[in-house]
Amino acid sequence: MVLMNPVISKLTGKLVVLASASPRRLEILTNVGLRFEVVPSWFKETLDKRLFKTPHEYAVETAKQKALEVAKRMPFKHLKTPDIVIGADTVVVMDGLILEKPVDKQDAYRMLSRLSGKEHSVFTGVAIILCHEKEVIDFYEETKVKFADLSDDLLWEYINSGEPMDKAGGYGIQALGGMLVEYVHGDFLNVVGFPLNQFCKKLGLIFSPPGSLTHNSDEPQGTSDPAAPDLTSRGTMQMQNVRENETEDGKEKLSKMIELMDGFKASKVLFTASKLHVFDVLRSSKTGELQAEDVAQEIKASMKGTERLLEACVSLGLLQRTGKEYANTAMSRHFLLSDGPLSLQGYIQHCNELVWPLFTHLETAVREGTNQHEKAFGKSSDNLFQDAYYSRHEVKLRFMKAMHSIAKVSGRDVATAFDLSKYKTACDLGGCTGAMAYEFAKAHPGLSVTMFDLPEVIEMSGHFRPHDADDRVSFVAGDFFKDELPKADVYILARILHDWSDEKVHILLSKIAKACNPGCCVLVSEIFLDEDRKGPSRGLLQALSMTEGRQRSASEYSLLLKSHGFTTAQNQTLAPTTRH
Ligand SMILES: Cc1cn([C@H]2C[C@H](O)[C@@H](COP(=O)(O)OP(=O)(O)OP(=O)(O)O)O2)c(=O)[nH]c1=O
């Protein structure tokens with residue numbers, strides 16, 4: 001592509017990120033040959049408008065916050081630091097009132113009828129973050145647009161086209177909305193969401209030779225004083241040294257702290273919405289959407305409480321809201337519907353009913369170094385499974401559902417992690433509902449899998465039998481510490497060993513070693529701790545409520561296995577070992 005603007009070519013080789021989900025901005029910048037990645041900002045456009053003297057200050061600040069959020073997130077979440085992050089925010093302003101995107105059709109109607117027959121301003125605030133230099137350049141552009149007198153019929157026809165909903169002021173000048181417009185004074189692309197002309201000028205200033213950076217030679221007079229911006233100007237340029245290096249760093253630490261402090265609230269919101277079947281209720285409604293009062297009625301809860309719960313769910317990305325209607329997000333549809341193939345509901349209820357009470361006694365657990373079953377449930381648990389999980393029917397069922405959901409979510413990855421084509425038989429020790437065994441059978445057409453677990457588990461495993469159950473999976477009842485193990489080429493230990501002390505692990509491994517022939521293999525699936533035991537925190541957090549078990553690193557597991565003649569063949573995230 002021939003680059004008309006030499007400024008754009010100055011960005012060649014730099015990691016430029018557009019912190020925007022707007023397809024218009026993407027198109028405008030792509031059209032001029034800019035190469036960039038799109039990382040939509042998670043910054044919520046909720047700044048208090050009353051705190052800004054002018055609408056354009058609001059747009060600029062929102063643009064800045066959008067860009068800063070991405071600049072801060074990328075080094076952690078994407079493991080790379082961009083050179084430049086660009087953020088933008090477009091607002092329509094009528095009689096001093098800021099109009100953003102309409103929340104529903106009525107809102108679009110209110111906006112468009114307010115604009116009918118009159119002139120309004122469109123402001124786009126833009127922020128350019130120079131990540132390495134820790135500088136923010138921001139500016140805004142104003143364009144005046146006049147609407148023709150619009151009849152209600154025309155307005156509703158336009159609203160029903162769906163076009164207004166994701167656009168500031170409820171119209172898109174570049175498409176059908178162009179019909180509503182009598183004239184435009186100023187940069188057309190600014191209305192569409194990005195003031196390209198001024199953006200290129202700013203880039204020119206930024207990438208001109210050193211010394212000229214703070215010298216706004218092409219700025220119209222009187223426009224460079226941010227304290228007194230001139231609305232007729234083509235914008236102001238503010239170079240802010242985010243000296244503030246430490247301040248930014250401090251802010252990041254503070255938000256991490258707040259995230260940690262609030263983490264338990266977020267978990268409990270998820271548990272409660274799940275227990276009250278909020279996600280199922282929304283899915284079952286005709287349109288997949290419901291208002292808070294309908295949800296309250298369905299889940300038999302108070303209106304006030306339900307509304308707060310739904311709002312909190314939206315903020316956590318568990319639900320989405322358009323106007324007053326709540327709906328599941330893609331993530332919730334994936335993991336939170338109770339009958340979904342990858343439903344985590346079983347595990348979530350286990351966390352709510354069993355892990356949560358244990359964690360409320362964490363302080364005592366730390367002081368005493370003991371598990372807190374007795375305090376939490378009024379009953380001690382010397383043998384975790386017999387005393388805690390399998391003592392009562394409903395607790396057993398809940399625990400089995402938890403294991404089932406984890407096996408469903410992780411089963412395919414575990415089953416396909418290694419080439420098992422040379423093996424004919426496998427035995428899934430402590431396989432609970434058989435979900436993992438079925439995944440192995442599905443992944444390996446030549447493999448027959450025996451699921452081995454306690455008789456009280458086997459008697460209920462029928463509840464979880466898939467309708468297309470493969471008859472290569474069979475169930476054998478027994479206690480793997482006491483009874484003879486079925487013969488197999490592959491022994492699967494998925495999330496088993498961490499529950500037990502080294503002593504018990506040795507008992508189990510020696511029984512496997514006796515049962516298997518040379519060349520057979522043990523496949524261990526666990527959260528492996530880092531060798532320095534500094535992470536992953538998921539494993540270390542889980543350890544806090546463990547009874548007699550412990551979390552181990554891959555080399556600790558290898559040592560245990562080696563002492564029974566199993567040499568580690570592959571040792572990655574999953575560790576299968578072969579006995580010679
Ligand atoms: C007035 C007007 C706005 N718009 C669009 C531009 C913006 O995308 C949108 C205003 O919303 P913004 O909040 O500025 O942007 P966005 O939500 O689309 O994307 P992001 O926040 O991720 O950057 O309205 C048009 O496409 N045409 C128009 O005529």
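Fair warning: this is a prediction, and the values are worked out from it, not measured in the lab. Numbering of ligands and ligand atoms starts at 1, following listing order. In this chain, numbering begins with 1 at the start of the sequence shown. Keep in mind that the numbers below use all heavy atoms, side chains included, and drop hydrogens, waters and symmetry copies.
Given atom 29 (O) of ligand 1, the protein heavy atom at minimum distance is Ile173 N, 2.7 Å. For atom 28 (C) of ligand 1, the closest non-hydrogen atom of the protein is Tyr171 O, 3.1 Å. In terms of protein heavy atoms, atom 18 (O) of ligand 1 is closest to Ser22 CB, 3.5 Å. The closest protein non-hydrogen atom to atom 21 (O) of ligand 1 is Lys66 NZ, 2.5 Å. From the protein, the heavy atom lying nearest to atom 5 (C) of ligand 1 is Arg24 NH2, 3.7 Å. For atom 2 (C) of ligand 1, the closest non-hydrogen atom on the protein side is Val191 O, 3.1 Å.
Residue Gly172 has at least one heavy-atom neighbour below 4.0 Å for each of these atoms of ligand 1: 27 (N), 28 (C), 29 (O). Listed by atom number, the atoms of ligand 1 under 4.0 Å from Lys101 heavy atoms are 11 (O), 13 (O), 16 (P), 17 (O), 18 (O). Every atom of ligand 1 is numbered from 1 in the order shown, and the set under 4.0 Å from a heavy atom of Glu45 is 13 (O), 17 (O), 21 (O). Those atoms of ligand 1 that come under 4.0 Å of a heavy atom in Gln174, given as number and element, are 25 (C), 26 (O), 27 (N), 28 (C), 29 (O). Less than 4.0 angstrom separates some heavy atom of Ala21 from each of these atoms of ligand 1: 19 (O), 20 (P), 22 (O), 23 (O).
Within a 6.0 Å radius of NZ in Lys275, no more than 12 heavy atoms belonging to other residues, nucleotides or ligands are found.
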Quiz item: Could you go step by step and tell me if Glu61 and Lys64 meet the salt bridge (Lys or Arg N to Asp or Glu O under 4.0 Å) rule?
Solution: CA-CA 5 Å; Glu61 186 58 30; Lys64 192 153 82 183; 3.7 Å; yes
Quiz item: After noting the C-alpha distance and the side-chain angles of Ile84 and Ile128, does the key distance pass the side chain to side chain contact (heavy atoms under 4.5 Å, CB included) rule?
Solution: CA-CA 7 Å; Ile84 293 173; Ile128 306 169; 3.7 Å; yes
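Using modelled atom types and a 3.5 Å distance limit, the side chains of Tyr158 and Glu163 yield a donor-acceptor pair. Under 3.5 Å, the side chains of Thr329 and Ser332 contain a donor-acceptor pair of N or O atoms. Between the side chains of Tyr58 and Glu45, not a single donor N or O lies within less than 3.5 Å of an accepting N or O.
Between Arg25 and Leu18, some side-chain heavy-atom pair lies under the 4.5 Å cut-off.
Considering both main-chain and side-chain atoms, Ala168 comes within under 3.5 Å of ligand 1 through a nitrogen or oxygen pair. Polar contact with ligand 1: absent for Lys167 (N/O pair, distance under 3.5 Å).
Under 4.0 Å from ligand 1, the heavy atoms of Asp166 that appear belong solely to its backbone.
At least one heavy atom of Val192 lies less than 4.0 angstrom from ligand 1. Note on ligand 1: Arg25 sits in its first shell, one or more heavy atoms being nearer than 4.0 Å.
With Asn328 as the partner, the side-chain contact (heavy atoms from CB on, under 4.5 Å) test is satisfied by one option alone out of Leu337, Leu336, Asp280: Leu337.
Checked against the 6.0 Å centroid criterion, the rings of Tyr171 and His120 qualify as a close aromatic pair.
Figure legend: cation-pi geometry between Lys118 and Phe147 absent, as NZ or CZ is not positioned both under 6.0 Å from the six-membered ring centre and within 45° of its axis.
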